[in-house]
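First comes the structure, then the notes that go with it.
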Amino acid sequence: MPGGAATPLVVADALVVTQDPARRVVRADVRVEDGRFVHVGAGAPREGAEVVDGRRFAVVPGFVNAHTHVAMAPLRGIADDVDLGGFLETLFRVDAKRAEADVEVGARAGVAEMLLGGTTSFLDLYYFEDAVARATESLGARGFLGWAVLDADKTTQHGVPLDNAASFLERWKGHATVEPLVAPQGVYVCSKETWLGARELAERHGTLLHYHLSETRREVHEHEAKSGRRPAAWLEEIGFLGPRQVAAHAVWLTGEEIAALGRRGVGIAHCPSSNLKLASGGVAPVVELQAAGATVGLGTDSVASNNSLSMLREMHVAGLVQKNQRWDASVLSAQQLLDLATVDGARILGRATELGSIEVGKRADFSLVRLDHPTLAPARPEAIVSHLAYAMSDEAIDSVFVDGRPVVRGRRLVRADWERIREDVERAAETLWAGRAPS
Ligand SMILES: [Zn+2]
């Protein structure tokens, strides 16, 4: 984050949803200094701080969106009511014509939407990620940005995708709020050499790998026909699977594949809205993955397939789908849903000690939620986690902070003007939508 230290901040006498190991919800003061929480409890010192009356707010950890393509903002609604095959046909056609400038415009809109919805960290997969990184930095979010890697003969990127990813890592390595990483797109466009090259590159730079995995039956069947193995089993066989990886979707898995993902410590980004809307047919085995030792986070996927970046909406959908599918109302409780969106998301990003909860020493990424908003009534402390998981609207989020710096205040972006972003998106969409029909 550019600039000097932010003014210390005290949120006094607020309802704090700590997400600490005991999952305490407490009435407390929160003091933030030098980008971190330095006091959570009664009687926080107020010297030199801006003091916010917290009595009408809940303090909630910033959400972690574990899978998205944020720059696709101008494509919301462009390919509805078709399955993944039809969806990708349109999207590949439009994507091939994108320029770095409109990727940046899209990323600014996507990051703005996420910040206004209380998301402070996100895991992205796309190309022209420098543009996404610039948007992330200028609006003040925390980005884990994966450069899309695929076979050189299957891409519209200039040059070799793996080399492009390597240069991207070099350019953004060591940045305070942007972590560059490597993102093999999926088994349908990546050969064994590409997967292992990506793994080697990520290891060399000590960063994460992010990829799509077993999203549809078609993907699984086509890969099985080609290689003799289902995608996750094949990735295990070629020696790809390991820790510091986040696999998005993971819908169509066998028991053996679930065990392998758990054993290898692969993180999972569960994306229920996208799976439901594209009619992937199955439901990700979230409970079995967790039982096998895999940590599961929650992702929205892009606004072209979701069509929202709201993590509140995603928690709601995730809970309902698992309960109904399993005929068991007790699975994925409100508390577990909030865990997916906060501490578990932080864990799969390798940042469990830094992000995901309101605890002394952690980075101060959090939201102030209006307790007087209609979707939070009755605002009883014992119901706040339930409201977050099942009821609350993004509109209840008043302010958002990343690294202790305000990025949203009074529902307005602090570092950018939404009207300006909106005009740019409308202009970008004008061109992009013209390219959606087959030529
Ligand atoms: Zn995706």
Side-chain angles (χ1 to χ4, degrees), residues 64-80 82-92 94-95 98 103 106-107 110-111 113-114 119 121-129 132 143-150 154-156 161 165 181-190 198 208-220 223 231-232 235 245-253 266-282 284 296-311 313-314 317-318 345 348-349:
V64 177
N65 187 342
H67 179 62
T68 189
H69 314 278
V70 74
M72 287 168 77
L75 307 179
R76 187 188 335 254
I78 203 168
D80 290 342
V82 290
D83 67 9
L84 186 70
F87 173 82
L88 290 179
E89 214 174 284
T90 301
L91 266 293
F92 285 157
V94 175
D95 261 352
R98 293 200 78 171
V103 166
V111 170
E113 182 180 347
M114 287 194 298
T119 296
S121 290
F122 68 104
L123 179 52
D124 198 66
L125 185 163
Y126 215 55
Y127 55 105
F128 291 140
E129 282 286 330
V132 182
F144 296 78
L145 309 182
W147 189 286
V149 164
L150 56 166
K154 295 190 184 72
T155 185
T156 54
L181 57 109
V182 190
Q185 190 159 325
V187 292
Y188 36 92
V189 284
C190 297
L208 298 163
L209 287 154
H210 183 39
Y211 49 91
H212 294 113
L213 179 67
S214 297
E215 180 175 357
T216 63
R217 280 180 298 183
R218 182 172 164 188
E219 171 193 335
V220 172
H223 192 71
L235 289 173
Q245 298 183 6
V246 180
H249 302 298
V251 175
W252 293 99
L253 300 170
V266 175
I268 306 295
H270 177 42
C271 307
S273 297
S274 174
N275 299 153
L276 290 168
K277 182 159 174 283
L278 294 168
S280 295
V296 181
L298 204 54
T300 59
D301 215 345
S302 80
V303 294
S305 66
N306 182 304
N307 295 2
S308 161
L309 297 175
S310 167
M311 287 294 286
R313 239 171 79 143
E314 209 59 31
V317 170
I348 61 177
L349 295 175

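All ligand and atom numbering here is 1-based and tracks the order in the structure.
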Check whether any side-chain heavy atom of [X] sits under 4.5 Å from a side-chain heavy atom of [Y], and report yes or no.
X	Y	value
Ser273	Arg313	no
Tyr126	Met72	yes
Leu298	His270	yes

Quiz item: Do we see a donor-acceptor contact under 3.5 Å between the side chains of Asn65 and Thr300?
Solution: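 The criterion, which ignores hydrogens and geometry beyond distance, is satisfied for Thr300 and Asn65.
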
Quiz item: Are there any protein N/O/S atoms under 2.8 Å from the Zn ion (ligand 1), and if so, which?
Solution: His67 NE2, His69 NE2, His212 NE2, Asp301 OD1

Quiz item: For Val246, does its backbone N or O pair with a side-chain atom of His210 as donor and acceptor, under 3.5 Å?
Solution: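 Checking the backbone N and O of Val246 against the side chain of His210, a donor-acceptor pair under 3.5 Å is found.
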
Practice problem: Identify which one of Val64, Leu145, Leu181, Thr68 satisfies the side-chain contact (heavy atoms from CB on, under 4.5 Å) criterion when paired with Leu123. | Solution: Leu181

